[in-house]
Amino acid sequence: MKKLEMLYKGKAKKMYATDEPDVLWVEYMNQATAFNGEKKEQIEGKGSLNNRITSVLFDLLRARGIESHFVRRISDTEQLVRKMDMFPLEIIMRNTAAGSFAKRYGVEEGTPLKKPILEFCVKSDDLGDPFINNDGLVALGIVTEDELAEISRIAYAVNDALTDIFSKIDVRLVDFKIEEGRTSDGAILLADEITPDTCRLWDLKDGNGGKDDDGAIEHLDKDLFRRGLGSIIPAYEEIYARLTALAEAEGVERAE
Ligand code: ADP
Ligand code: UDP
């Protein structure tokens with residue numbers, strides 16, 4: 001497979017064309033951003049960790065019957081994916097109140113939710129990724145009713161599978177963001193990345209629900225960077241080590 005021209009440089013990844021029209025070459029960068037790019041830093045090792053974490057997660061999901069754009073990991077920082085026509089949406093799933101949701105409704109971070117909440121934001125850096133409800137999505141023609149039903153079905157299935165995966169490695173899956181798109185043959189699939197950049201992951205190792213004795217959250221995710229709480233690298237390494245051990249224990253086939 002040949003790497004051709006760069007098609008897009010985002011905040012975390014570079015996307016390249018390949019000599020195969022349906023395949024993209026993705027390079028994970030060391031750049032970390034928060035608050036719509038306002039806070040930005042280069043963090044040595046982040047690209048490699050996220051590339052490896054998302055790869056093992058896509059493998060674990062495939063073993064649970066959830067297909068994605070992931071083809072295979074080709075190096076520390078690179079992977080091949082199926083080229084998709086992306087829905088311009090951040091698809092957010094919440095199991096526990098945290099972040100902007102906790103702030104919006106004035107509830108304490110860590111409050112369990114009686115059911116998972118699926119939220120959509122329109123992907124637009126200029127508009128700050130505004131929230132939109134289901135009617136808004138269809139009314140604006142961003143998706144059809146049928147697409148919305150399938151996008152939502154996949155999001156709930158991903159939540160069930162990820163909740164199972166993270167519970168097996170003593171991590172609380174608080175919330176996460178995914179993206180979906182359409183393949184050239186019309187199927188809607190999970191795409192982009194699933195990493196500690198895009199999930200809130202709280203450490204359950206000491207059996208206290210993800211908070212320490214003083215009530216401070218034990219973050220294993222990008223909130224360490226967003227909130228200036230310390231280096232993300234040991235946390236991301238911990239997530240990667242636990243996921244790899246799980247994949248090995250489950251005998252999951254690895255695409256690399
Ligand atoms: P951002 O665009 O938010 O800065 P990234 O740096 O992660 O984010 O850029 C990756 C871009 O590639 C995103 O816009 C994402 O929607 C898009 N993308 C992810 N997976 C695919 C895919 N399989 N095919 C086409 N585009 C994809
Ligand atoms: N998220 C993301 N990209 C975004 C916005 C949110 O990956 O542009 C993830 C975030 O890491 C968290 C979940 O989506 O796991 C919910 O984020 P929230 O809406 O609470 O926003 P935040 O508090 O991060 O602003």
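Counting starts at 1 for both ligands and their atoms, in listed order. Predicted model only: the values in this text are computed from it and were never measured.
Of all protein heavy atoms, the one lying nearest to atom 22 (P) of ligand 2 is Arg200 NH2, 3.5 Å. The protein heavy atom nearest to atom 11 (O) of ligand 2 is Arg226 NH2, 2.8 Å. The nearest protein atom to atom 1 (N) of ligand 2, hydrogens excluded, is given as Lys177 CB, 3.6 Å; this is a heavy-atom distance. When hydrogens are left out, the protein atom nearest atom 15 (O) of ligand 2 is Asp175 OD1, 2.6 Å; that is the closest non-hydrogen contact. Taking atom 25 (O) of ligand 2 as the reference point, the nearest protein heavy-atom neighbour is Ser100 CB, 4.3 Å.
With a 4.0 Å heavy-atom cut-off, ligand 2 is reached by the side chain of Arg94 but not by its N, CA, C or O. The residue Cys121 has no part lying near ligand 2, judged by heavy-atom distances below 4.0 Å. Contacts between Asp221 and ligand 2, counted as non-hydrogen atom pairs separated by less than 4.0 Å, are absent for every part of the residue. At a 4.0 Å heavy-atom cut-off, ligand 2 touches Glu90 through the side chain alone. Counting heavy atoms closer than 4.0 Å to ligand 2, residue Lys103 contributes nothing at all.
Distances below 4.0 Å separate heavy atoms of Phe176 from the following atoms of ligand 2: 14 (O), 15 (O). Close contacts of ligand 2 with Gly99, meaning ligand atoms under 4.0 Å from a residue heavy atom, involve 20 (O), 23 (O). Against a heavy-atom cut-off of under 4.0 Å, Asp129 is close to the following atoms of ligand 2: 8 (O).
Using a distance-only test at 3.5 Å, with no hydrogens or angles considered, a donor-acceptor pair links the side chain of Asn95 to the main chain of Leu173. The backbone N or O of Gly181 lies less than 3.5 Å from no partner atom in the side chain of Asp85, so there is not a single donor-acceptor pair.
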Check the pair Leu60 / Glu250 against side chain to side chain contact (heavy atoms under 4.5 Å, CB included), numbers first and verdict last. CA-CA 9 Å; Leu60 283 157; Glu250 290 187 348; 3.5 Å; yes
Ligand 1 N/O to protein N/O, distances under 3.5 Å:
| residue | atom | partner | partner atom | Å |
| --- | --- | --- | --- | --- |
| ligand 1 | 2 (O) | Tyr8 | OH | 2.5 |
| ligand 1 | 3 (O) | Lys11 | NZ | 3.3 |
| ligand 1 | 3 (O) | Lys123 | NZ | 3.4 |
| ligand 1 | 4 (O) | Lys11 | N | 2.6 |
| ligand 1 | 4 (O) | Lys11 | NZ | 3.2 |
| ligand 1 | 6 (O) | Lys11 | N | 2.9 |
| ligand 1 | 6 (O) | Ala12 | N | 2.7 |
| ligand 1 | 6 (O) | Lys13 | N | 2.9 |
| ligand 1 | 7 (O) | Lys13 | NZ | 2.6 |
| ligand 1 | 16 (O) | Glu179 | OE1 | 2.6 |
| ligand 1 | 20 (N) | Asp192 | N | 3.3 |
| ligand 1 | 23 (N) | His69 | ND1 | 2.8 |
| ligand 1 | 23 (N) | Arg82 | O | 2.8 |
| ligand 1 | 24 (N) | Met84 | N | 2.9 |

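Environment of CG in Asn133: crowded, with over 12 heavy atoms of neighbouring residues, nucleotides or ligands closer than 6.0 Å. With a 6.0 Å radius and a threshold of 12 heavy atoms from other residues, nucleotides or ligands, Glu253 has its CD atom at or below the threshold. Within 6.0 Å of NZ in Lys40 there are 12 or fewer heavy atoms belonging to other residues, nucleotides or ligands. Sparse packing is recorded around NZ of Lys83, with 12 or fewer heavy atoms of other residues, nucleotides or ligands lying under 6.0 Å away.
Thr144 and Asp146 are not linked by any side-chain donor-acceptor pair at a separation below 3.5 angstrom, with hydrogens and angles left out of the test.
You'll find the side chain of Gln79 stays beyond 4.5 Å of the side chain of Arg72, heavy atoms only. Put simply, the side chain of His69 reaches to within 4.5 Å of the side chain of Phe58, judged on heavy atoms.
A centroid separation of less than 6.0 Å is found between the aromatic rings of Tyr105 and Phe101.
Ligand 2 lies less than 4.0 angstrom from a heavy atom belonging to Asp197.
Listed by first and then second residue, the salt bridge (Lys or Arg N to Asp or Glu O under 4.0 Å) pairs involving residues 104-118 are Arg104-Glu119, Glu108-Lys211, Glu109-Arg227 (not counting sequence neighbours).
A cation-pi arrangement is absent between Lys46 and Tyr236 under the rule of less than 6.0 angstrom and at most 45 degrees off the ring axis.
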